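Report on the following structure.
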Amino acid sequence: MAEQAKQRAKLEKDLRSALSKNELQLFLQPQVDIDAQVVGAEALLRWYHPEQGWISPAEFIPIAEESGLIIEIGDWIIEQSCEILRSWSLGADTASLTLAINVSGRQFQQPDFVDKLCNAIQRYGINAQNLKLEITESLMLHDIEIVATKMHELTEVGVQFAIDDFGTGYSSLLYLAELPFETLKIDVQFVREMLHQKSTASIVQAIIQLAKSLNLSVIAEGVEEPEQRQFLMQLGCHTYQGYLFGRPVAVDEFNQTIRVIKTP
Ligand code: C2E
Ligand code: MG
Ligand code: MG
Ligand code: MG
């Protein structure tokens, strides 16, 4: 326990200077359609620690949240993402791609979050329609009125919302119907189990049907095997993300792959 607390305190201290030392990086993972054509990407944060090597966001995002560092990091992610979209807007092959970014609860709850994001969209001159915010069900445990207001303000300017890790948290189906989501993401845990467990397959089927009847687009995460893609396709899920199509890679590498895929 003491050892754990020590390691955590050290990570928090190091995370404080990670931004200024350029140790954080956004990686991009492709999202593809039914023909395996890239339609967008999810931005996933990576931390290269000078002594410990790559540290998973699953490990350091909670620390960033608890310490409040997520605000500074979140601002940086917004800038980086807008810059990616600005450079994509200049290429015929990339102009229509969407970029999904993960927004943590604490970041979204900042009173000036909407202003900050709108300001960045304007400054970079990007099309807000190409930006998608992934939020999780945990956000809906907070003051739902405020969350709803912010979501509406942002959808007004064209920003889209995806509900991430759907079905793994504490969401109320009522919120799913009432909040302006465009996309529902099926969590990797469901995809991993669905071919081995009948009950999970039923849940996946129900989620896809629910999304369809609520007019939401649906994307499956963690697709690693052709059989998983096939199964999801048959159930009516036609957008995928996972190692089968591509791992998260550095932005330059992602952009090069796109060019290779799109040019004959
Ligand atoms: P998430 O948003 O649900 O991201 C999907 C996770 O699944 C990513 O883990 C991704 O690398 C992983 N993944 C993608 N394809 C596959 C696959 O085929 N198989 C398996 N087993 N996994 C796959 P990652 O990058 O470690 O991120 C973990 C979580 O950390 C994310 O879950 C997200 O909640 C959080 N996170 C990552 N980047 C950011 C960020 O910029 N801001 C915030 N607030 N949270 C972030
Ligand atoms: Mg996500
Ligand atoms: Mg997810
Ligand atoms: Mg997840």
Side-chain angles (χ1 to χ4, degrees), residues 15 18-19 23-32 36 38 40-49 53-84 98-110 113 117 131-139 160-169 171 181-196 204 207 211 218-229 231-232 237 239-251 254:
L15 193 54
L19 261 184
E23 291 168 6
L24 296 183
Q25 226 181 310
L26 278 185
F27 271 35
L28 298 179
Q29 184 177 34
Q31 299 179 325
V32 305
V38 179
E42 178 176 3
L44 293 159
L45 195 57
R46 297 289 178 264
W47 180 13
Y48 191 80
H49 189 282
W54 293 105
I55 300 180
S56 161
E59 194 174 336
F60 70 83
I61 291 284
I63 298 177
E65 286 230 18
E66 283 160 36
S67 61
L69 282 168
I70 193 70
I71 304 306
E72 201 186 325
I73 294 173
D75 288 351
W76 177 83
I77 290 169
I78 289 174
E79 296 293 316
Q80 295 285 309
S81 308
C82 288
E83 173 53 31
I84 292 168
T98 57
L99 181 65
I101 66 174
N102 294 282
V103 178
S104 80
R106 184 133 180 210
Q107 187 187 359
F108 193 80
Q109 283 169 276
Q110 284 287 292
F113 178 75
L117 190 61
L131 184 63
K132 208 173 254 194
L133 303 187
E134 295 194 359
I135 60 176
T136 61
E137 296 163 303
S138 60
L139 198 64
Q160 296 183 336
F161 282 89
I163 183 154
D164 205 355
D165 305 345
F166 180 74
T168 65
S171 67
F181 285 107
E182 196 274 336
T183 304
L184 185 160
K185 294 192 85 176
I186 302 176
D187 191 64
V188 43
Q189 291 177 55
F190 292 119
V191 174
R192 192 186 302 132
E193 293 297 322
M194 68 186 180
L195 295 182
H196 311 292
V204 170
I207 291 176
V218 53
I219 168 164
E221 287 192 312
V223 180
E224 295 182 356
E225 299 157 13
E227 295 76 19
Q228 292 170 333
R229 173 202 191 183
F231 185 76
L232 289 159
C237 171
T239 314
Y240 319 98
Q241 183 182 339
Y243 299 162
L244 180 63
F245 306 98
R247 288 182 180 257
V249 291
V251 177
F254 179 89

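Indexing begins at 1, ligand by ligand and atom by atom, following the structure's order. Owing to the predicted nature of the structure, the values given are computational and were not obtained by experimental measurement.
Of the angles at the Mg ion (ligand 2), the one spanning OE1 of Glu134 and OE2 of Glu42 is 90° when given to 10°.
Within Asp165, the N, O or S atom lying nearest to the Mg ion (ligand 3) carries the name OD1. Considering just the N/O/S atoms of Asp164, the one nearest the Mg ion (ligand 3) carries the name OD1.
Using a 4.0 Å heavy-atom cutoff, Gln241 is absent from the residues neighbouring ligand 1. Using a 4.0 Å cutoff on heavy atoms, Arg46 counts as a contact of ligand 1. Remark: distances from the non-hydrogen atoms of Lys185 to ligand 1 are all 4.0 Å or more.
Counting only distance, with no hydrogens or angles, the side chain of Gln107 and the backbone of Val103 share no donor-acceptor pair below 3.5 Å.
For ligand 1 and Val223, the ligand atoms under 4.0 Å from any heavy atom of the residue are 18 (O).
The line from CD1 of Ile186 to OG1 of Thr168 is 12.5 Å long, rounded to the nearest 0.5 Å. Within the model, atoms OG1 of Thr239 and CD of Gln31 stand 8.0 Å from one another, a figure rounded to the nearest 0.5 Å.
For the pair Arg192 and ligand 1, the shortest N or O to N or O distance does not fall below 3.5 Å.
Using a cut-off of 4.0 Å between Lys/Arg side-chain N and Asp/Glu carboxylate O, Lys185 and Glu221 are scored as salt-bridged.
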